[in-house]
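What follows is a short report on a single structure.
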Amino acid sequence: MSGDLLQELFAGRHLVPSGIDGLYGRGPLFEAVVTRLEAMIDRMVSADGAEVMRFPPGMPRRVLERSGYLKSFPDLAGAIHCFCGDERAHARLLATLEAGGDWTAATTGADIVLTPAACYPVYPAVAAAGPLPPEGRLIDVASWCFRHEPSRDPARLQMFRMREHVRIGTPEQVRHFRDAWMERASGFAAALALPARLDLANDPFFGRGGKLMADSQRDRQLKFELLIPVGSAERPTACMSFNYHQDHFGQAWDIRAAGPGGAGAVAHTACVGFGMERLTLAILRHHGLRPEAWPAPLRTALDWPAA
Ligand code: ATP
Ligand code: ZN
Ligand code: MG
C-alpha cells in the first residue's frame, strides 16, 4: 500500500468513515484480521495461566479519579453525560436542538466514564479480592478504549481495542514479567513478518509539569514500545507497549503483596498492551489487502483459512 493509507482503507471499505477523525467502522477483512490476531494471542499465552477478565468499555468515574488519570491525561479522558431533567427541561433541550444550539448543556455527568486503557478496571477488582497470593496475580483483559486524540493517522483512533496482560505482585515478579514479554514481542512481530524494534518511550503527560514526568518515566525506563512502521517509515507506530507502574496502582488501590520478603508491602504492577487495530493496520500496510498474496508464514501464524 502507498499514498494516503486512510483514503485507501476508506475506498476499500476496510474502514468506514463516520465524519469524525478516529471514529470508524470496520469492514470484513479488517475484522477477520483482528479476530485471528486475538486467537493467535490466545494460543501464545494459553500456557501462562492468566485469569481472564472482561469489562465493558465504560468504568466507574471513581476508578478514573482514584487512578490519577485526570492529573496526567485530562485532555484524553471521556466522560458520559446523561439527561436527567423533567418535561420542561426536555422541552428546552428540544428547543435548543431546533435552534442548532448545544443541547448537551442540558445533561449532567454520569457516574460512568469511558475506559481509557483496558487495565484500569483490573486494579480495583484485584484490591477488592484481598491480599495477593504469594505468586501474585496475572490477568488477561481486553476492552474497547476511548482517548480524545482525533487524528487523520489511521493508527491514532479515538475508539479502539486493547488486549492486555497485567501482572501484580512483588517488584521482582513484575519486572521479570515485563522483561520476558519484551523478549517475546520480537518473536510475535517476526511471526507476523513485520519489521519491528523495541524502544524506550514515555506517556504524553499533560501540561508544564508533564515534561518532568515524561523525563522521569524515561530515566527510570518504565515504558517501552514495540514500534512498527504503519503511516510513516520515519515515525513508526507503537503497536505494543510494556509499562512498569512501580507502586502507582498498588498505592492508589492499596493492593498488598504477599510472598517471601514481600508480605504486606504495597504491590507493584506492570501491563503489556496489544493495540489490536494498530497490529491489523501494520499487517495490511506491509502485506497488502489481498490475503491470498500474503507470505505463507503469516497465513500460518494467523491460521488463515485456505482459499
Ligand atoms: P502513542 O505513544 O502512540 O500515543 P500510547 O503510548 O498512548 O501510544 P499505550 O497508552 O501504551 O499507548 O496503549 C497501549 C496500546 O494501545 C499501544 O501500544 C497501542 O498499540 C494502542 N493504542 C494507544 N493509543 C491508541 C490510539 N489512539 N489508537 C489506536 N491504538 C492505540
Ligand atoms: Zn495497562
Ligand atoms: Mg498515546
Side-chain angles (χ1 to χ4, degrees), residues 6-7 9-11 13-28 30-31 34-35 53-128 141-164 203-207 210 249 252-253 273 275-278 280:
L6 190 60
Q7 283 309 324
L9 292 165
F10 284 165
R13 304 300 283 175
H14 301 296
L15 289 179
V16 184
S18 72
I20 292 181
D21 287 342
L23 185 72
Y24 311 126
R26 280 81 167 143
F30 197 99
E31 277 310 284
V34 171
T35 302
M53 283 190 198
R54 294 291 182 265
F55 295 92
M59 64 183 202
R61 187 162 97 184
R62 182 86 194 101
V63 174
L64 196 78
E65 294 163 356
R66 200 159 153 184
S67 301
Y69 197 83
L70 294 167
K71 272 194 204 120
S72 298
F73 314 111
D75 50 331
L76 300 179
I80 292 183
H81 286 245
C82 302
F83 172 73
C84 306
D86 57 11
E87 282 186 54
R88 278 175 52 201
H90 181 216
R92 281 199 300 276
L93 181 155
L94 292 179
T96 307
L97 179 64
E98 185 73 13
D102 178 14
W103 63 270
T104 65
T107 63
T108 34
D111 51 7
I112 296 176
V113 296
L114 295 169
T115 301
C119 65
Y120 275 78
V122 168
Y123 309 108
V126 167
V141 69
S143 182
W144 278 90
C145 295
F146 173 84
R147 293 184 186 179
H148 185 238
E149 45 185 5
S151 168
R152 293 289 291 173
D153 176 354
R156 189 165 300 286
L157 301 166
Q158 297 202 61
M159 291 192 135
F160 56 96
R161 280 162 286 189
M162 199 189 291
R163 173 85 177 263
E164 289 197 75
D203 286 311
F205 296 99
F206 185 76
F249 289 107
W253 296 102
M276 300 311 297
E277 279 78 5
R278 286 185 177 181
T280 300

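All values below were derived from every heavy atom in this structure, side-chain atoms included, with hydrogens, water molecules and symmetry-related copies excluded.
Among residues two or more places apart in sequence or in another chain, the side-chain hydrogen bond (donor to acceptor under 3.5 Å, both in side chains) test is passed with Arg147 by none. Partners of Ala127 by side-chain contact (heavy atoms from CB on, under 4.5 Å), not counting sequence neighbours, listed by chain and number: Trp253, Ile255. Under the side-chain hydrogen bond (donor to acceptor under 3.5 Å, both in side chains) criterion, Asp21 pairs with Arg152, sequence neighbours left out.
Atom-to-atom distance recorded for Thr35:OG1 and Phe30:CZ is 10.5 Å, nearest 0.5 angstrom. In this structure, NE2 in His14 is found 12.5 Å from OG1 in Thr280, a value given to the nearest 0.5 Å. For the atom pair CD1 (Ile20) and CE (Met159), the distance works out to 10.0 Å, reported to the nearest 0.5 Å. We find the CH2-NE2 distance between Trp103 and His90 to be 10.5 Å, quoted to the nearest 0.5 Å. Here CD of Glu149 is found 4.5 Å from CZ of Arg156. Values are rounded to the nearest 0.5 Å.
Residues Met59 and Pro116 form a side-chain contact, since some pair of their non-hydrogen atoms from C-beta on lies under 4.5 Å apart. Counting heavy atoms from C-beta on, the side chains of Val122 and Phe55 come closer than 4.5 Å. Between Met276 and Phe160, every side-chain heavy-atom pair lies at or beyond the 4.5 Å cut-off. The side-chain heavy atoms of Phe249 and Val126, taken from C-beta on, include no pair separated by under 4.5 Å. The shortest distance between side-chain heavy atoms of Arg161 and Val34 falls below 4.5 Å.
Between Pro60 and Val113, the shortest heavy-atom contact is O-CG2, 4.0 Å. When every heavy atom of Ala118 is checked against every heavy atom of Val141, the shortest pair comes out as O-CG2, 3.6 Å. Here the closest heavy-atom approach between residue Ala142 and residue Arg163 is recorded as CB-CD, 3.9 Å. The heavy-atom pair separating Met162 from Cys145 by the smallest distance is CB-SG, 3.8 Å. Heavy atoms only, all atoms of each residue included: Arg13 and Val16 are closest at NH2-CG1, 3.7 Å. The shortest non-hydrogen separation linking Leu93 to Ala106 is CD1-CB, 4.0 Å.
Atom CH2 of Trp144 has more than 12 neighbouring heavy atoms from other residues, nucleotides or ligands inside a 6.0 Å radius.
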Under the side-chain contact (heavy atoms from CB on, under 4.5 Å) criterion, do Tyr24 and Leu6 qualify, and how do the steps go? CA-CA 11 Å; Tyr24 311 126; Leu6 190 60; 3.6 Å; yes
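A donor-acceptor contact shorter than 3.5 Å is absent between the side chain of Asp203 and the backbone of Phe205. A donor-acceptor pair under 3.5 Å is formed between the side chain of Arg61 and the backbone N or O of Ala110. The main-chain N or O of Tyr69 is never found under 3.5 Å from a side-chain atom of Ser67 such that the two would form a donor-acceptor pair.
Screening residues 105-127 for side chain to side chain donor-acceptor pair (under 3.5 Å) gives no qualifying pairs among residues at least two apart or on separate chains. Every pair tested for salt bridge (charged side-chain N to carboxylate O under 4.0 Å, His left out) that includes a residue from residues 89-100 fails, sequence neighbours excluded, so the list is empty.
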Listing, residues 71-87 side-chain donor-acceptor contacts under 3.5 Å, not counting sequence neighbours, or none:
residue, atom, partner, partner atom, Å
His81, ND1, Gly109, N, 3.3
Asp86, OD1, Arg88, N, 3.2
Asp86, OD1, Ala89, N, 2.9

